[in-house]
Novice: 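To start, I am sharing the structure in question, which I have written as structure tokens.
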Amino acid sequence: MPELPDVEEFKKYVDSTSLHKTIEKAKVKDTQVLENISAKKLEKELEANKLESTYRQGKYLFVKLSSGKYLLMHFGMTGKLKYFKDQKQEPEHTRLLLSFKNGYYLAYDNQRKLGKLGVVVNIDEYVKNKNLGPDVLDPDFDFKKFKQSAKGKKSMIKSFLMNQKIMSGIGNIYSDEILFQAKIHPKTKVNSLEENQLKKLFKFIKDVMQRSIDSRADPDNLPDSFIITHREKGEKCPGCGGKINKTTVSGRSAYYCPNCQKN
DNA sequence: CCTATAGCCTGACGGC
DNA sequence: TGCCGTCAGGCTATAG
């Protein structure tokens with residue numbers, strides 16, 4: 001699930017439930033999601049701290065601790081958060097469980113274990129080491145930078161949009177939406193795009209992401225004119241009424257309208 | 001340098 | 001009912 005709008009939703013979730021509460025106990029329930037840290041160390045870094053504030057870049061969430069360090073969360077395909085009081089409500093695949101002094105819990109749940117948890121001292125350094133590109137909603141990420149990054153790229157536009165080293169936040173679902181809105185076929189080569197197509201793409205990157213955040217990352221709240229709500233082979237295209245098609249781009253399934261997205 | 005592909009994990013679903 | 005293949009909103013290491 002978690003692309004930029006979803007992680008933004010998680011950020012707001014932490015903000016509204018868990019900030020400024022003391023962590024009494026931290027329990028790592030699965031070590032496979034840990035990034036360069038032992039369970040014991042992570043628990044120690046968390047216990048007796050408060051969660052002070054949250055930062056998001058792309059699909060990464062950083063939660064500042066009173067120690068000054070950050071708890072790093074990445075959600076992979078199936079990660080989510082849950083704040084609850086009754087222990088019976090603990091999610092099935094909880095990988096990290098924080099118990100606050102007020103009796104509530106915050107669980108990091110991740111069925112497929114493709115996400116990451118860690119401790120980060122310096123966000124900029126972490127981002128640099130990961131080679132993570134600018135967040136697509138960052139105002140500094142402007143058309144000039146977008147165009148520059150597209151220069152000479154031979155890859156297909158869908159994988160380009162999803163490449164977190166170039167720009168961060170867009171995943172499989174929202175890349176389909178952006179391409180649908182811009183009326184560009186997912187397999188189009190980046191270096192074959194005209195200036196006006198790049199302009200359109202850039203506009204819809206920002207638009208689709210912002211609208212999805214405004215819709216609280218819930219596809220049910222998105223307009224019927226979006227392809228996300230019709231993302232299944234054979235479904236009706238909200239643009240022309242034709243049939244949605246499915247193909248594969250760099251190992252991921254891409255849904256598009258062959259009539260509206262000719263190239 | 002670049003881009004494309006297999007592999008990591010678990011569970012849900014559909015066909016036989 | 002049971003088994004098997006396929007697929008899932010991500011990322012990384014490796015191959016070409």
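Chain letters run A, B, ... following the sequence lines, proteins first, then strands; residues in each count from 1.
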Novice: For A:Phe10 and C:dG9, what is the distance between atoms CZ and C1' respectively, to the nearest whole Å?
Specialist: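 The answer, rounded to whole Å, is 11 Å.
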
Novice: With rounding to the closest Å, how many angstrom separate the P atoms on C:dT14 and B:dC9?
Specialist: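 Taking atom P in both C:dT14 and B:dC9, they lie 15 Å apart.
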
Novice: What nucleic acid atoms does A:Lys189 come within less than 4.0 Å of, heavy atoms only: base, sugar-phosphate, or nothing?
Specialist: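 Answer is nothing: A:Lys189 stays at 4.0 Å or more from every strand.
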
Novice: How close or far is atom C1' of C:dG10 from atom CG of A:Leu132, stated in whole angstroms?
Specialist: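 After rounding, the gap between these two atoms is 13 Å.
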
Novice: Is A:Lys246 close enough to C:dA8 that one of its side-chain N or O atoms is under 4.0 Å from OP1 or OP2 there?
Specialist: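 Result: yes.
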
Novice: Side-chain N or O of A:Gln32 less than 4.0 angstrom from OP1 or OP2 on B:dC9?
Specialist: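 Indeed, a polar side-chain atom of A:Gln32 lies that close.
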
Novice: Does a donor on one side chain sit under 3.5 Å from an acceptor on the other, for A:Lys243 and A:Asn259?
Specialist: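 No, because no side-chain N or O of A:Lys243 sits under 3.5 Å from a partner of the opposite role on A:Asn259.
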
Novice: Is there a residue in residues 146-166 of chain A whose heavy atoms reach under 4.0 Å of DNA chain B, and which residues are they?
Specialist: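 Listed by number, they are A:Lys153, A:Lys154, A:Ser155.
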
Novice: If the P atom of B:dT3 is compared with that of C:dG9, how far apart are they to the nearest Å?
Specialist: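 Here B:dT3 and C:dG9 have their P atoms 23 Å from each other.
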
Novice: Verify whether one side chain among A:Thr78 and A:Asn110 offers a donor that lies under 3.5 Å from an acceptor in the other.
Specialist: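 A pair is found: one side chain offers a donor N or O, the other an acceptor, under 3.5 Å apart.
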
Novice: Measure up the A:Tyr60 and A:Tyr126 rings against each other and bin them: parallel (under 30°), tilted (30 to 60°), perpendicular (over 60°).
Specialist: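 Rings of A:Tyr60 and A:Tyr126: perpendicular, over 60°.
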
Novice: Rounded to whole Å, please give me the gap between CG in A:Leu117 and P in C:dG10.
Specialist: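 Result: 18 Å.
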
Novice: Would you indicate, yes or no, if C:dG10 has its OP1 or OP2 atom less than 4.0 angstrom from a side-chain nitrogen or oxygen of A:Arg252?
Specialist: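 Checking A:Arg252 against C:dG10: at least one side-chain N or O falls below 4.0 Å of OP1 or OP2.
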
Novice: When we call it a touch if two heavy atoms are under 4.0 Å apart, what does A:Lys116 touch: a base, just sugar-phosphate, or nothing?
Specialist: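 The residue A:Lys116 makes no contact with any strand.
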
Novice: Could you tell me whether A:Gly251 contacts a base, only the sugar-phosphate backbone, or nothing, with contacts defined as non-hydrogen atoms closer than 4.0 Å?
Specialist: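 No contact.
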
Novice: Classify the angle between the aromatic ring planes of A:Tyr105 and A:Phe84 as parallel (below 30°), tilted (30 to 60°) or perpendicular (above 60°).
Specialist: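 Parallel: the ring planes of A:Tyr105 and A:Phe84 meet at under 30°.
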
Novice: Between A:Lys113 and B:dC8, is there a contact of a side-chain N or O with OP1 or OP2 at under 4.0 Å?
Specialist: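 No, because none of the side-chain N or O atoms of A:Lys113 sits under 4.0 Å from OP1 or OP2 of B:dC8.
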
Novice: Over how many whole Å does the gap from A:Asp6 atom CG to C:dA8 atom P extend?
Specialist: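 Value for this atom pair: 17 Å.
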
Novice: Please state whether the rings of A:Phe146 and A:Phe141 are parallel, tilted or perpendicular, taking 30° and 60° as the class boundaries.
Specialist: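 Ring orientation, 0 to 90° scale: perpendicular.
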
Novice: Take a 6.0 Å sphere around NZ of A:Lys21 and say whether it holds more than 12 heavy atoms from other residues, nucleotides or ligands.
Specialist: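 More than 12 within 6.0 Å, yes.
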
Novice: Check the side chains of A:Ser253 and A:Lys246 for a donor-acceptor pair under 3.5 angstrom, ignoring hydrogens and angles.
Specialist: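 No pair is found: no donor N or O on one side chain lies under 3.5 Å from an acceptor on the other.
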
Novice: Could you tell me the separation between the CG atom of A:Leu114 and the P atom of C:dC7, rounded to a whole number of Å?
Specialist: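 Those two atoms, CG and P, are 17 Å apart.
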
Novice: Across the strands shown, which category fits A:Ser253 at heavy-atom distances under 4.0 angstrom: base, sugar-phosphate, nothing?
Specialist: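 Sugar-phosphate, backbone atoms only, no base.
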
Novice: Check this one for me: any side-chain N or O of A:His74 less than 4.0 Å away from OP1 or OP2 of C:dC11?
Specialist: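 Affirmative; the distance criterion is met.
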
Novice: In terms of side-chain heavy atoms of A:Gln111, which of C:dT12, B:dC9, B:dG11 is nearest?
Specialist: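 From the listed options, B:dG11 comes nearest.
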
Novice: Looking only at side-chain N and O atoms, does A:Asp214 offer a donor or acceptor that is under 3.5 Å from a partner on A:Gln210?
Specialist: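 Yes, A:Asp214 and A:Gln210 have a side-chain donor paired with an acceptor closer than 3.5 Å.
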
Novice: Rounded to whole angstroms, how far apart are OH on A:Tyr60 and C1' on C:dC11?
Specialist: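 It is 7 Å, rounded to the nearest whole Å.
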
Novice: Does a nitrogen or oxygen in the side chain of A:Thr78 sit under 4.0 Å from OP1 or OP2 of B:dG11?
Specialist: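 Negative; the distance criterion is not met.
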
Novice: Distance check needed: B:dG11 C1' versus A:Asp30 CG, whole Å only.
Specialist: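 Interatomic distance, CG of A:Asp30 to C1' of B:dG11: 15 Å.
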
Novice: Atom CD of A:Glu3 to atom P of C:dG10: distance rounded to whole Å?
Specialist: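 Spelled out: CD on A:Glu3 to P on C:dG10 is 5 Å.
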
Novice: Choosing from C:dG10, B:dT5, B:dT10, which nucleotide comes nearest the side chain of A:His93?
Specialist: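 Looking only at side-chain atoms, A:His93 lies closest to B:dT10.
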
Novice: What does C:dG5 pair with, Watson-Crick or G-U, if both distances are under 3.5 Å?
Specialist: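 Because both required distances fall under 3.5 Å, C:dG5 counts as paired with B:dC13.
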
